[in-house]
**Student:** 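The structure is given below, and queries will be raised subsequently.
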Amino acid sequence: MHDRSTPFEATIKWTRKETRDTFTCAIRISNRDIQRGYRFVPGQFNMLYVPGIGEAPISMSSSPLDRDIMHTVRIAGDVTTALSLLGAGEVIGIRGPFGRGWPIEEAEDLDLLIVAGGLGIAPLRSVARHFMKTHSPKKKTAHPRRMLLYGAKTPKDIVFRDEFPRFRDIFDVFLSVDRADPEEYWRGETGLVTQLFDRLSLDPVRTIVFMCGPEIMMQTSVRELILREVPEEKIFVSMERNMNCGMGICGHCFFGPKFVCKDGPVFRFSEISGLMGIKEL
Amino acid sequence: MSVPATARKLKKEDLSCVFDQLRASHRVIGPKIEGGVIVLADIDVHDIPAGFEDRQAAGSYSLIRSDRPEIFSFSAGPDSFKRFLHPPVSEMFTFRRSRTSMTITPSGREEKPLAFIGIRACDLSAMKLYDRIFLEGPVKDNTYASLRSNAFIIAVNCCRPGDNCFCSSMGTGPEVKDGYDIVLTELRDSFLVESGTVRGQDLLARLALEEATGIDVDEKAERTGACIRAMKKSIRAEELPGLIYRNPDHPHWADIAERDLECGNCTQVCPTCFCNATYDLVRLSQVSFKPPGLSGVRVRKWDSCFSRNFGRVHGGNFRPSRRARYRQWMSHKLAYAIEQFGLPGCVGCGRCITWCPAGIDITVEAEALKDAR
Ligand SMILES: Cc1cc2nc3c(=O)[nH]c(=O)nc-3n(C[C@H](O)[C@H](O)[C@H](O)COP(=O)(O)OP(=O)(O)OC[C@H]3O[C@@H](n4cnc5c(N)ncnc54)[C@H](O)[C@@H]3O)c2cc1C
Ligand code: SF4
């Protein structure tokens, strides 16, 4: 295994604007040996490093089967802004992969429900691409069923909007926006993503859920699922906290006794249900 | 009592021989008086503040010269091994980058490994926790690993507790159980010396010491037993994790927050507080135009969960209130660490009590936590 405590060089192959404040960049690790030894699972993240500015934890948005590693980034502060200013051929540092990802194998034979809010779709696109690459398109089966629920602020904020037609080859897709832009035609739902649950017919015994988005959205979604008798053990959520080291030594990502960086970011909901409602944990 | 095969006796005046053995290969760190407190520094045998005693209370510390016959007559000062193995500021690597290439060079370390002399049971328990955090996690940390590697540990069994010590109730002291190369117990007229590793055994062999007897081993048990009996403070170590997990909204958290100054002294003196943050320092002097680029160094510094920035993320803060930040600290010490690393996050050294300017005493605050009825 390569050294994950010191950044190594990666070259940006291309970048693409996704929405007004997000972009995707594809990177390739420069050193051949590290590249060969680098293996990740969907849901894990890298620490992306712009020397002179700093590091930020960013999930992989590509599938492990993709040739390049992709990251989809929202411009938030120092590091993400610096990343947004780089282009093809320029280099960054990366450390990783870190954390515990989605239990893809557990999901293979079950009905998979993906619930994403905002940029929470990034680590779940990795899952979607995994299924798109391992299952032949146009063969949506009744079982296992695959469903994708996605909520964004406005239609303009839908990340990977042009990829949704391909997601539909494998997934039943349900989209919703908080509010539709008056200047744009929108024929999907308007309102919170949680109201989409009424449109699903879930078989609670054979459903597994992967969820990522704002914490408040995840809390309400989990409540909806539990009402529909999906067991807590079958609900997986990806958590977010301040993160500095990514590998369990800096203490910033504590969620109660859990290190989000190494025990998560993906947790089985039953592992953290006792912590979820506690204020300012 | 049976005598361990490796037990030897070292005359008090021969303690310097241990220094002589180590100096060539190690940088020897031990206790020394500086500015009226006992700190850890590069020392020789005569720097050890023999015969000095510390008076510690909540929010106060003073040193007095007593007529005690012992060499290790004092207890823990604000310093610990932490300042050397996990320095307040450490350089991780230097970087140099242009648009299309970058070079990262891990920073060089001291040529000589460290030797710690006089380290107590509580701090050894903290060091064991550090090893779990920095070396035994999913990823080994290079910065700590390079400072820790080949460190030589000469521990000392406490024969007299400090005023704020409560290691006995935490199960972390006062007797040193593991994690040492050599452990000394100060007897009436000599040291009982035991080795815990092959390296320690080799060093003792070079000193050609006289074998210890059953009487010496009995005296050791007597002295550490007396230390336990003299300890004034205690904590309900077994009950506290449960109490803390069950009571995140206990009114006492808000009560502490009223007195807490959030100075972070406790996190600095605590030998188990490891939280840190990393920064880039750019060196203006090496900025170049052709090829355009820059260089600098990445540094790690201690951070504190009492800092408002600690839980900050873009667009929010996970722990905006002082109440939540204090709760985070104490919960981590007394409950979370056990779940995370299988070791207590509080080792009972009492430093946070002594060095808290508001005199907040973790043993008193922990006593106030009760289940609602
Ligand atoms: C496991 C995980 C996966 C993530 N995946 C993605 C992703 O795929 N795409 C994406 O755009 N964003 C993602 N984020 C959020 C992203 O890490 C933050 O937006 C980013 O760190 C902000 O850094 P900045 O320097 O631009 O902002 P600043 O506000 O300047 O940040 C300064 C420092 O604060 C901390 N910080 C600030 N915000 C966050 C945050 N939200 N999470 C963690 N630390 C923070 C960091 O230590 C950072 O160095 C993820 C976060 C986590 C924890
Ligand atoms: S806490 Fe225990 S081991 Fe530490 S200095 Fe006090 S008596 Fe010695």
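Sequence lines set the chain letters: A, B, ... in the order given, protein chains first and strands last, and positions in each chain run from 1.
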**Student:** To the closest 0.5 Å, what do you measure between CZ (A:F254) and CD (B:Q328)?
**Tutor:**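 A:F254 atom CZ to B:Q328 atom CD measures 6.5 Å (nearest 0.5 Å).
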**Student:** Do the side-chain N and O atoms of A:S5 and B:D141 include a donor-acceptor pair separated by under 3.5 angstrom?
**Tutor:**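 No - no donor-acceptor pair under 3.5 Å links their side chains.
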**Student:** Going from CG on A:D78 to NE2 on B:H314, what distance comes out if it is rounded to the nearest 0.5 angstrom?
**Tutor:**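 Spacing of CG (A:D78) from NE2 (B:H314) equals 10.5 Å.
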**Student:** Testing the 3.5 Å rule here: is there a donor-acceptor pair between the side chains of B:N276 and A:H252?
**Tutor:**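 Short answer, no.
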**Student:** Is the backbone of B:F318 close enough, under 3.5 Å, to the side chain of A:E280 for a donor and an acceptor to pair up by distance?
**Tutor:**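 Checking the backbone N and O of B:F318 against the side chain of A:E280, no donor-acceptor pair under 3.5 Å is found.
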**Student:** Tell me, side chain or backbone of A:F8 under 4.5 Å from chain B's heavy atoms, or both, or neither?
**Tutor:**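 Only the backbone of A:F8 comes within 4.5 Å of chain B.
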**Student:** Would B:R97 and A:E9 pass as an ion pair if we require N to O under 4.0 Å?
**Tutor:**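 Answer for the salt bridge query: no.
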**Student:** OH/B:Y336 to CZ/A:F255 distance, rounded to the nearest 0.5 angstrom?
**Tutor:**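 Interatomic distance, B:Y336 OH to A:F255 CZ, rounded to 0.5 Å: 9.5 Å.
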**Student:** Could you have a look at A:I249, A:L281, A:D263, A:N244 and say which one has the most heavy-atom pairs with chain B under 4.5 angstrom?
**Tutor:**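 Heavy-atom pair counts peak at A:I249.
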**Student:** Measure the CD1-OG1 distance between B:I104 and A:T6 for me, rounded to the nearest 0.5 Å.
**Tutor:**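 Going from the CD1 atom of B:I104 to the OG1 atom of A:T6 covers 8.0 Å.
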**Student:** Hey, are the side chains of A:I92 and B:M102 touching, using non-hydrogen atoms and a 4.5 Å cut-off?
**Tutor:**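 Side chain of A:I92 against side chain of B:M102, heavy atoms only: no contact under 4.5 Å found.
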**Student:** Within residues 244-258 of chain B, which positions have a heavy-atom distance to chain A below 4.5 Å?
**Tutor:**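 Expected list: B:Y245, B:P248.
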**Student:** Which atoms of A:L275 are under 4.5 Å from chain B, going by heavy atoms: the side chain, the backbone, both sets, or neither?
**Tutor:**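 Answer is neither: A:L275 stays 4.5 Å or more from chain B.
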